[in-house]
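Heads up, the thing below is written out as C-alpha cells.
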Amino acid sequence: MKDGFVKVAAVTPSVKVADPEWNVKQMIERAEEMAAIGVKLVVFPELSVTGYTCGDLFLTDMLLRGAREALYEFLYQTAELDIVCILGMPLEKGGSVYNTAVVVSGGRVLGVVPKVNLANLNGFYESRYFSSGEDDMGEILLGDDQAPFGSRLLFQDTWIPEFVFGVEVGTDLWGVTQPSTTHAKCGALIIANPSADNDICDKIIYRSGLVTGQSGRCVCGYIFSNVGEGESSSYHVFGGHSIIAENGRILVERKPFSGSEPIVTEIDLSRLRHARRPFTINPVETDWKKSGYRKIVFDIGAPTETIITRPCSKSPFVPVDENIRRMHAAEVTEIQVAALKKRLTHLGCKDVVIGLSGGLDSTLALLVSVEAFDRMHISRDGIHTVTMPGFGTTDRTHGNAEKLAKALATDFREIDICASMRQHFADIGQSEDVHDTTYENAQARERTQILMDIANQKNALVVGTGDMSELALGWATFNGDHMSMYGINATVPKTMVRCLVEYHMEQTKDSSLVAVLKDILDTPVSPELLPADGEKMTQCTEDIVGPYILHDFFLYHMLRTGAKPSKIMRLAQYAFKDDYDEETIKKWLEVFLRRFFAQQYKRSCQPDGPKVGTVSLSPAGDWIMPSDVSGSLWELS
C-alpha cells in the first residue's frame, strides 16, 4: 500500500441458486487467489452465499441456516489470509430477515450492513422477503462473534488510517438518498457495493453513470460487484457487469456477459485525500460520531509494496480515446473562442495583434482568433499577424508563418528585428558574438515591444501565445513573450496545444491551410533565438528543458493529484516504461521541480487568460504560491 495505493477486487463467482455450501467453496478459492496477488479488499455480489434469485426460499429455516453454516466455513478457511472480504447473504435478526453484506477478515465477522433501499418494482419483490435495515440495529451473534449490525458502519485499517471503507447494498445506490453519501461525509474513501442488478437493453449506460457519478460526488473509490453466471433466468438475466471507479472515472470494468474473471485494480487513497481537501466532506472525529456511526478497526498486516496495474496515461491532459479527444478539443476551442469574444466585446475592440512565429502556440492563438472574429462577423483584416525574423529564424518557420497568415486572410506584415537588435546591442554594450541570456531575451523583448506598439496604433489587443507548460517551467522571457494583453493559451498544456491544432486542421477543407498546419505540427519546438543557417535549427526546446510529454505528466500529477516527487517518479516509470529509462525520467523531473519553484514570479503577474481544464496556474485562485517559497521539501531524493 505504498504511496496510498490499495489493491481491490470485484469478484463474481459462479453460483448455484440455494446451494450455500457450493457457492462458498467457490468464494473461498477466489479469496485465496486474490490474497495471493496482494488484494486487500474483495467484494462479492449481493446475496452471493445463497444466490440472489432464491425467491420465497429466503424465508425458510433451511436456507437461512445453510447460509450461516457456509459463512462459518468461509471464516475458518480464510482465517490466515491478510484480506478483507465482503459477502452477501440473508440473515435473520429479531424475527425479520435482512439482505446483508457481511464484512469478514482474519476469521471473524467485523460487521454486518443491512440493505436500506429494497428493490420492489419491475419484477423485483425484495420487501416480500426482507425488512429494510436501519442506522443502528445493535449487534448480531454469528458464531463466536458479536458483530455490529446497522447501515452506519465504517471499517478502518490499523496500519493505514486513510484505508476507510463503507458499504451499501445493491439498490441503495438507486435511492433518492444513498447511504454512501453519508459514509463519504463521515470519512469513507472507498464504498463497496455488493449488487444484483439485471441486464436489459441500455442498462449498462445507466448503471455506469450511477457508479461513476456517485464516485465523483463522494470523491471516493467505488467497487460495484454484480451477480452473473448461475442465477435463475426465470424472469431476469444477470450479466455480471462490475465496475471499479475512482472520483468519477472507471478504472476497470467487466462488461456484461464477458465471463466471470475478477476485476482487480488499485485505488489511490492519497489522491482521493488530496481531492477532498478543498471540500467540506473532510470529517473530524465528532462528525461520524454525531451521525451515529460506529467505526470498526481491522488489521491485515503492515503495508507492503503494491504493484501498479491501474491505467496511467502518458498524456493525462489528452484523452486516449479518439472520439473523446475530439470532443475534448471541441470543448476547449469553444471556451477559448467564447473567452476572446467576451474580452473583445467588453473593450469594444475589433482588432487583435498576434506575433506569428511559425510554431504551434502562435498557430493556435491565430486559429482561435480567426474563429472568434468569424463568429462576431468582424473582418479578418482586423487580425494583424506579425512575423519578426531574427538571428535564429529558419526558412521553414518563417515561410510557415507567412503561409498561415495568408491562408487565413489576415492582415500580415513582416518586421525583421536584426537591425534593431544590433543597434540595441550597441547601446547596451552587448557583443553580437556573445550568445548568452541577454542575447536571447533581448530579442524576445524587442518582439513584444513591437507587438504592443502596433496594438497602440491599431487600438488593438495583443493576444498572447504562451502555453501552461511554458509557464510551469518559466520558459518565457520576463516582460517579453511572457507578456500580452490576453493569454488565450495560458491554461492549455503543450500536449493539448498539438491536439487542438490537429482538431482545427480536421475542421477545414482548405488544402493549403491543411498543408501548412501539417508542417507546423512536424516542426520541432524552438524559441529560435540562437543564430540559424537557413533550414538548420540550432535550438530545440526539448533538448534544453526536456520532453514536454514528461513535463505535462509531472505537472498534472503534482497539481491535480497532489503526488509527492517520489510517487510522480514511480508513476512516470510505470507509464513511460517503454519510452524513457529511470535515469532520464529522474533527470527531467529534477529539472521540472527546480524550475517550477524558481519561476513562480512569472506566473504571479501573468496576463488574464481563460481556464480550460482542471489544472491551471492562474494567480487568480487556481495556483497561489509565494514567488520566494522554498522548494526543498519537493527535492527528489
Side-chain angles (χ1 to χ4, degrees), residues 15 17-21 23-24 43-72 74-75 86-104 108-155 166-180 182-183 192-197 227 231-232 235-236 291-294 296:
V15 300
V17 179
D19 192 344
E21 182 180 356
N23 294 336
V24 162
V43 184
F44 292 104
E46 184 176 359
L47 296 168
S48 49
V49 171
T50 59
Y52 178 76
T53 51
C54 293
D56 285 350
L57 295 177
F58 285 125
L59 301 176
T60 66
D61 284 340
M62 292 297 292
L63 189 64
L64 293 171
R65 188 181 304 116
R68 282 193 178 226
E69 290 172 356
L71 169 65
Y72 301 151
F74 186 92
L75 293 174
I86 301 175
L87 290 64
M89 63 181 290
L91 280 174
E92 184 178 15
K93 187 179 190 301
S96 296
V97 180
Y98 296 90
N99 179 349
T100 72
V102 181
V103 183
V104 305
R108 68 188 185 95
V109 177
L110 300 177
V112 179
V113 180
K115 189 172 186 177
V116 177
N117 299 320
L118 299 176
N120 202 43
L121 74 166
N122 298 330
F124 290 92
Y125 307 106
E126 288 187 20
S127 62
R128 179 182 176 99
Y129 325 116
F130 304 119
S131 296
S132 177
E134 299 175 11
D135 294 348
D136 188 343
M137 301 176 67
E139 297 184 332
I140 184 171
L141 180 62
L142 292 171
D144 297 328
D145 294 312
Q146 281 283 358
F149 192 105
S151 64
R152 296 202 169 190
L153 303 180
L154 293 177
F155 303 86
V167 183
E168 62 184 4
V169 181
T171 48
D172 281 342
L173 174 61
W174 270 252
V176 176
T177 57
Q178 302 84 14
S180 54
T182 312
H183 296 344
N193 186 329
S195 186
D197 192 31
V227 302
E231 289 288 353
S232 170
Y235 303 107
H236 299 284
S291 297
Y293 273 82
R294 287 180 283 176
I296 299 105

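Side chains are part of it too, since the values below use all heavy atoms of this structure and drop only hydrogens, waters and symmetry mates.
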For the residue pair Pro20 and Glu69, establish whether any side-chain heavy-atom pair is separated by less than 4.5 Å. no

Take atom CG of Asp56 as the centre, draw a 6.0 Å sphere, and report whether it contains more than 12 heavy atoms from other residues, nucleotides or ligands. yes

Could you tell me which non-hydrogen atom of Ala147 sits nearest to which non-hydrogen atom of Val112, and how far apart they are? CB-CG2, 4.5 Å

Between Thr53 and His236, is any pair of side-chain heavy atoms under 4.5 Å apart? no

Can you tell if the side chain of Val17 reaches within under 4.5 Å of the side chain of Glu231, non-hydrogen atoms only? yes

Does Arg294 reach the side chain of Leu153, with side-chain heavy atoms less than 4.5 Å apart? yes

State whether the number of non-hydrogen atoms from other residues, nucleotides or ligands found under 6.0 Å of Gln146 atom CD is greater than 12. yes

Taking the side chain from Asn120 and the backbone from Tyr125, do they hold a donor-acceptor pair closer than 3.5 Å? no

Can you name the nearest heavy-atom pair linking Gly138 to Asp136, along with the distance? N-OD1, 3.0 Å

Residue pair Leu59 / Arg128, side-chain heavy-atom distance below 4.5 Å: no

Side chain to side chain contact (heavy atoms under 4.5 Å, CB included) partner of Phe74, the single match among Val102, Val49, Asn23, Val24: Val24

Could you check whether any side-chain heavy atom of Asp135 comes within less than 4.5 Å of a side-chain heavy atom of Ser291, counting everything from C-beta outward? no

Contacts of Arg108 that satisfy salt bridge (Lys or Arg N to Asp or Glu O under 4.0 Å) - sequence neighbours left out: none

Do Phe44 and Pro194 have side-chain heavy atoms sitting under 4.5 Å apart? no

Interatomic distance, CG@Leu75 vs CG@Leu142, rounded to 0.5 Å, equals 8.5 Å

Donor-acceptor under 3.5 Å (Ser151 side chain, Glu134 main chain): yes

Are Leu71 and Val104 close enough that some pair of their side-chain heavy atoms sits under 4.5 Å apart? yes

Test item: Tyr293 side-chain N/O and His183 main-chain N/O as donor-acceptor pair under 3.5 Å: yes

When the side chains of residues 87-101 are checked against the rest of the protein, which donor-acceptor pairs come out under 3.5 Å, sequence neighbours left out?
unit_1	atom_1	unit_2	atom_2	d
Lys93	NZ	Met137	O	2.9
Asn99	ND2	Glu46	OE2	2.6
Thr100	OG1	Met89	O	2.8

How far does CZ of Phe124 sit from CG of Leu118, to the nearest 0.5 angstrom? 12.5 Å

Side-chain donor-acceptor contacts of residues 171-179 below 3.5 Å, not counting sequence neighbours, with atom names and distances?
unit_1	atom_1	unit_2	atom_2	d
Thr171	OG1	Lys115	NZ	3.1
Thr171	OG1	Asn117	O	2.7
Asp172	OD1	Val116	N	3.0
Asp172	OD1	Asn117	N	2.6
Asp172	OD2	Val169	N	2.9
Gln178	OE1	Thr181	OG1	3.4
Gln178	NE2	Gly175	O	2.7

